[in-house]
Amino acid sequence: MDTCATLEKPEQEKPFFSQIRYLGAYLAPHKQVLIFSLFLSTISTVLGMVQPYFAKILIDRVFLGNQPQFLFSILAALIALLIISFGIRVGNGYIYTRYSAKILFLMREDLFDHLQKISLTFFSKKKLGDIYSRIASDMADIQALVTDILPRYVFDFLTCLISGVILFSLNWKMALMSLVFLPFAVIIVQKLKPRLFSLSNDVAKSNADIAHFLFESLSNTAVIRAFGAEKTESDKLKDKQSAVLTFLLKYQVLGAVSGSVSTAFGIVNSLIVFGYGGWQVLEGQLTVGSLVAFSVYQGRVFGPLQGLLDGVLSLQKSKVAIKRVREILDIPPCFDDTGDTILTKAQMKQDICVNGVGFSYDKNTRILNNTSFTLPSGKTTALVGPSGVGKTTLCHLLLRLFNPDAGTITWAGQDFKTFDKTWFRKQVAMVSQETFLFHASILENIRFFKPEASQEEIEKAAEAAQIDDFIQSLPRGYDTLIGDRGTRLSGGQKQRLSIARAILLNPKVLIMDEATAFLDVKVENQIKQTLKELMKDKTILLVSHRASSIENAHKIIILDENGISYQGPAKELTHES
Ligand SMILES: Nc1ncnc2c1ncn2[C@@H]1O[C@H](COP(=O)(O)OP(=O)(O)OP(=O)(O)O)[C@@H](O)[C@H]1O
């Protein structure tokens, strides 16, 4: 049974720092640069903080204190400060963007690589659009966290802290009064956070659902039109969009409530500065310059504090994104890829044995049970049986896309699990009933598994697959672009391209799973003839429903619901029946 975890885990909110801890492994290699960037941020914040203090000196000493000799030196210092701050800000922005982008690209590559290692059943259980949205939009949200939200948080936090210290040094009573409202603001925002998290999760899920719907619908455009289902599809999209709109609006309203807390904080502070502060000036207990400076510094606290409180919304979004990406990264890889066995040429001439193999995709349905047979080396074996008995599953086990739950598959007595993955992939190739082609040129599609193949090799493989004449007849020949998944080709042409691709690889074992189902008998026979010459000493497994395609096989295996009902030479089978 496939034991890989699925994504169906209960939703729960983990603390933010526990969520972002996984970013630590990516941040660690750039620790020095990030600390340097933080240092530059601090300097730039401190420099920004000095300016209002100059205003206080200007008012109290130059204008009200009648000391004009300070005017030019204060102005010169102000301009120098501005230029230095600007330089530091631009430089820091450049350094930070460069490194955060590097970190993000690495994370996305790791996620993509991890997806190549987890069970294939994951892809059949999970919607493709959802996986895509985790790689694209969730990663973009994490990118925003690293490149924008976190540095802004650091900047806002430092600004609040430094401004707070200055406010206390200017007038501690007024500063203390400003802070009275702060605990209430924090409590309100904390209370709203879990609901914001859950709404943000709902928005991400609904968007992933829309992405999957669009993906599936656009891939099946021809079928949808053929059955006149355009309106139904369009209505489905409308329903999905209204569902996401409901979540979005709730999220936005709650976000606005959370944001208005900081506005209330600003109103309270204005009352304190202009009410209590103004009264102190009139009483002669505070200078005009100090009041102006206090008001400016308070503004400096207010903006970043608003940023910190509003940022809760962005942080919830990033948290959801990290959670969704981690759900994939936490799925353990299905294979232990550390095998290093490589067979010698002599060993490769030995048989492949399937010994008592059992397999199921999930715990409810057993597909294969104690299945045993041998694929004689250098011979063609045909595998036949009714639809759904597990023929393709067997091919996938032989291709090592899955590991059997019970029993072993061996080649020259060596378990498949012990083979070096890269070596193995070059020895065993499969052409399946479902062809997969990319939106690229014919040339690139044929040489997909062997990028180093020469034009000559590619043309020879295409000739063997009986597709060379067709390719040559196209205006751009091998450079012709085929549509997404080969939509500009017929079913038979796609199959022949897949066969050419496998032939080019020159594998020792070739598995053909209904690989000629779309071809007419004449072309099928021509391909079989060329394969016979090309694959003289190779082991071939042929899965087919057509009697014509298996009649020349050396051995026939019949698989039915109860397992293998016959295996032996084709002649004996004819004789028995
Ligand atoms: N990825 C999967 N997840 C869950 N069940 C699967 C998966 N792939 C196949 N199955 C199930 O396993 C059983 C065997 O499927 P398989 O494709 O191996 O049969 P088959 O003999 O090749 O059929 P056909 O001749 O129609 O191609 C079927 O019941 C199918 O529904």
Side-chain angles (χ1 to χ4, degrees), residues 1-8 115-131 212 215-216 219 328 331-335 352 354 356-373 375 380-407 409 416 428-436 491-492 494-495 498-499 502 509-519 524 540-551 553 555-567:
M1 192 191 61
D2 184 65
T3 48
C4 284
T6 66
L7 299 182
E8 313 310 326
L115 278 166
Q116 311 294 333
K117 291 184 189 141
I118 60 181
S119 166
L120 286 177
T121 50
F122 167 83
F123 293 91
S124 50
K125 281 179 188 156
K126 203 70 211 157
K127 293 176 177 175
L128 215 52
D130 181 78
I131 302 171
H212 178 72
F215 189 80
E216 209 171 49
S219 323
I328 294 185
I331 298 173
C334 276
F335 290 118
I352 290 177
V354 174
V357 159
F359 182 81
S360 54
Y361 289 102
D362 53 61
K363 54 179 183 287
N364 303 322
T365 26
R366 193 107 188 125
I367 309 293
L368 298 168
N369 212 358
N370 201 15
T371 306
S372 301
F373 61 85
L375 292 182
T380 300
T381 302
L383 175 64
V384 292
S387 178
V389 289
K391 301 183 297 296
T392 302
T393 306
L394 254 175
C395 295
H396 287 167
L397 286 167
L398 285 164
L399 204 62
R400 234 202 128 192
L401 294 182
F402 301 101
N403 276 336
D405 304 333
I409 304 181
F416 266 30
V428 186
M430 174 164 160
V431 185
S432 67
Q433 44 192 322
E434 281 173 40
T435 50
F436 64 98
K494 280 189 239 173
Q495 276 199 322
S498 298
I499 294 171
V509 180
L510 180 64
I511 301 169
M512 308 265 283
D513 182 8
E514 294 284 1
T516 50
F518 290 125
L519 306 180
E524 187 187 16
I540 299 178
L541 177 67
L542 217 66
V543 180
S544 181
H545 287 116
R546 280 196 207 173
S548 65
S549 44
I550 54 173
E551 62 197 8
K555 178 177 178 178
I556 293 199
I557 299 170
I558 301 179
L559 185 69
D560 62 30
E561 290 79 4
N562 302 314
I564 292 176
S565 61
Y566 173 84
Q567 58 174 317

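For ligands, and for the atoms within them, numbers begin at 1 and follow the listed sequence. Just so you know, residue 1 is the first one in the sequence shown, and it goes up from there. This one's a predicted model, so the numbers in the text were calculated from it and none came from an experiment.
A distance of 4.5 Å separates CD1 in I331 from CD1 in I118, rounded to the nearest 0.5 Å.
Here the options are L398, L541, I511, the test is side chain to side chain contact (heavy atoms under 4.5 Å, CB included), and the partner is V428; only I511 passes.
In this structure, E561 contributes its side chain and G388 its backbone to no donor-acceptor pair below 3.5 Å. Judged purely by atom type and a 3.5 angstrom limit, K117 has no side-chain atom pairing as donor or acceptor with the backbone of P332. A donor-acceptor contact shorter than 3.5 Å is absent between the side chain of E514 and the backbone of T392. No donor-acceptor pair under 3.5 Å is formed between the side chain of K391 and the backbone N or O of L559.
L115 is listed as a side-chain neighbour of F122, based on a closest heavy-atom distance under 4.5 Å.
Heavy-atom proximity to T392, at under 4.0 Å, picks out these atoms of ligand 1: 17 (O), 18 (O), 20 (P), 22 (O), 27 (O). Heavy-atom proximity to K391, at under 4.0 Å, picks out these atoms of ligand 1: 18 (O), 19 (O), 20 (P), 21 (O), 22 (O), 23 (O), 24 (P), 25 (O). Against a heavy-atom cut-off of under 4.0 Å, T393 is close to the following atoms of ligand 1: 14 (C), 15 (O), 16 (P), 18 (O). Every atom of ligand 1 with a heavy atom of G388 under 4.0 Å away is listed here by number and element: 13 (C), 14 (C), 19 (O), 20 (P), 21 (O), 23 (O), 24 (P), 26 (O), 28 (C), 29 (O).
Classified by interplanar angle (parallel below 30°, tilted 30° to 60°, perpendicular above 60°), the ring pair F359/F402 is tilted.
In this structure, atom 30 (C) of ligand 1 is not in close contact with the protein, since no protein heavy atom lies within 4.0 Å of it. The nearest protein heavy atom to atom 25 (O) of ligand 1 is closer than 4.0 Å.
Backbone and side-chain nitrogen or oxygen atoms of S387 are examined, and one is located within less than 3.5 angstrom of a nitrogen or oxygen of ligand 1. Here's the thing with G390: one of its N/O atoms is less than 3.5 angstrom from an N/O atom of ligand 1.
Scanning the protein heavy atoms around atom 10 (N) of ligand 1, the nearest turns out to be Y361 CE1, 3.3 Å. In this structure, the protein non-hydrogen atom closest to atom 27 (O) of ligand 1 is Q433 NE2, 3.3 Å. Counting only heavy atoms of the protein, atom 1 (N) of ligand 1 lies nearest to S124 OG, 3.3 Å.
Of the listed residues (I367, T365, L559), the one carrying the non-hydrogen atom nearest atom 12 (O) of ligand 1 is I367.
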